[in-house]
Amino acid sequence: MDIVEYNPANSIRHPWELVRFEFVLRLIRRYNKSNGKILILDMGCGDCFFALSLLTQKIPATIIGIDPAYNPEDLVKKRQEITHPDFHLFSKTEDAQHLLKGPVDFVLLLDVIEHIPDDISFLKELTAYDFIDAHTRFVVTVPAYQSLFTSHDEFLLHYRRYSNRSLKKNLRSAGLEPVETGYFFFILLPIRVLQKWKEKLSGKPRKNYGSGGWEHGKFLTGIVKGILLTDITITRFFKKTGINFPGLSNYTVCRKPVS
């Protein structure tokens with residue numbers, strides 16, 4: 001969850017966030033070729049929910065979280081809240097260099113690059129670090145379709161949304177080669193289309209709370225989560241047969257080309 005969305009008073013996570021975690025977890029398991037402990041760099045880690053959830057799974061890992069949104073005081077406070085020995089939080093990549101002595105297995109950019117004015121330059125700088133090599137897999141998720149840009153994107157401080165084509169184009173411009181690309185959250189797409197048209201016709205932005213504004217109980221959360229999990233399972237099945245569904249989010253797994 002982005003820091004701008006974080007609501008410490010809300011203990012129930014948005015189903016979208018829970019299912020995105022499951023989706024990315026499946027990607028990590030699919031592309032993890034190591035039998036030992038892996039090193040993960042979680043760029044733009046937000047409130048650290050994803051990284052800490054990942055450490056509860058049966059994937060032995062050291063995770064380094066980086067998020068420039070943390071000021072020094074917030075960073076100290078957050079570190080005091082997190083007691084897991086395999087998670088390390090920093091506000092700058094340079095501060096984590098002592099932990100990045102070997103190649104990173106995975107770089108997570110989960111709904112991050114849409115927040116960056118020049119996403120290509122950012123990716124170029126990231127891939128230039130010594131701890132990134134052809135072995136490293138980047139897992140990237142972003143919001144889909146610029147035509148669906150609304151006040152909700154403005155609230156979340158997004159600069160853009162992506163299509164599969166534009167995402168792959170920007171990644172290649174940054175020196176990365178996509179290995180797998182697609183969409184997910186097909187079932188949420190018509191809902192956002194309706195929201196876009198409602199906002200356009202009314203001329204008024206809707207109230208935006210982000211995923212931190214989810215205030216429904218465990219029962220409804222479980223139902224919506226189940227629907228979204230079914231959605232990604234079905235669309236993944238069809239993708240294997242060559243039928244690609246659109247979705248509200250894009251994803252890609254990419255790497256530096258082998259030199």
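Position 1 is the first residue of the sequence; numbering continues from there. What you see is a predicted model; the values in this text were computed from it and never measured.
N250 contributes atom CG, which lies 9.5 Å from atom OH of Y162 (distance to the nearest 0.5 angstrom).
Relative orientation of the F21 and F50 rings is perpendicular, given thresholds of 30° and 60° on the angle between their planes.
At a threshold of 4.5 Å between non-hydrogen side-chain atoms, the residues Q146 and R160 count as touching. Looking only at side-chain heavy atoms (C-beta outward), P117 and F122 stay at 4.5 Å or farther from each other.
Each of F184 and V142 belongs to its own hydrophobic cluster when Ile, Leu, Val, Met, Phe, Trp and Tyr are linked at side-chain heavy-atom distances under 4.5 angstrom. By the criterion of side-chain heavy atoms lying less than 4.5 angstrom apart, applied directly or through intervening Ile, Leu, Val, Met, Phe, Trp or Tyr residues, Y159 is not grouped with L156; the two fall into different hydrophobic clusters. Clustering ILVMFWY residues whenever any of their side-chain heavy atoms sit less than 4.5 angstrom apart, transitively, puts I116 in the very cluster that holds F138. Cluster membership for Y251 and L110, using ILVMFWY side-chain heavy atoms within less than 4.5 angstrom, is shared.
A salt bridge does not link E177 to K256: none of the charged nitrogens lies less than 4.0 Å from a carboxylate oxygen.
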Working note: Y183 + Y145, criterion ring pair (Phe, Tyr, Trp, His ring centres under 6.0 Å); need CA distance, chi angles, decisive distance, verdict. CA-CA 10 Å; Y183 295 99; Y145 301 116; 5.1 Å; yes
Given side-chain hydrogen bond (donor to acceptor under 3.5 Å, both in side chains), test E180 with T252 step by step and report yes or no. CA-CA 5 Å; E180 177 184 342; T252 188; over 6 Å; no
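Judged purely by distance below 3.5 Å, without hydrogens or angles, the side chains of S166 and S163 pair a donor atom with an acceptor atom. With no hydrogens or angles considered, a side-chain donor-acceptor pair links D111 and T141 at under 3.5 Å.
More than 12 heavy atoms of other shown residues, nucleotides or ligands fall within 6.0 angstrom of atom CG in N71.
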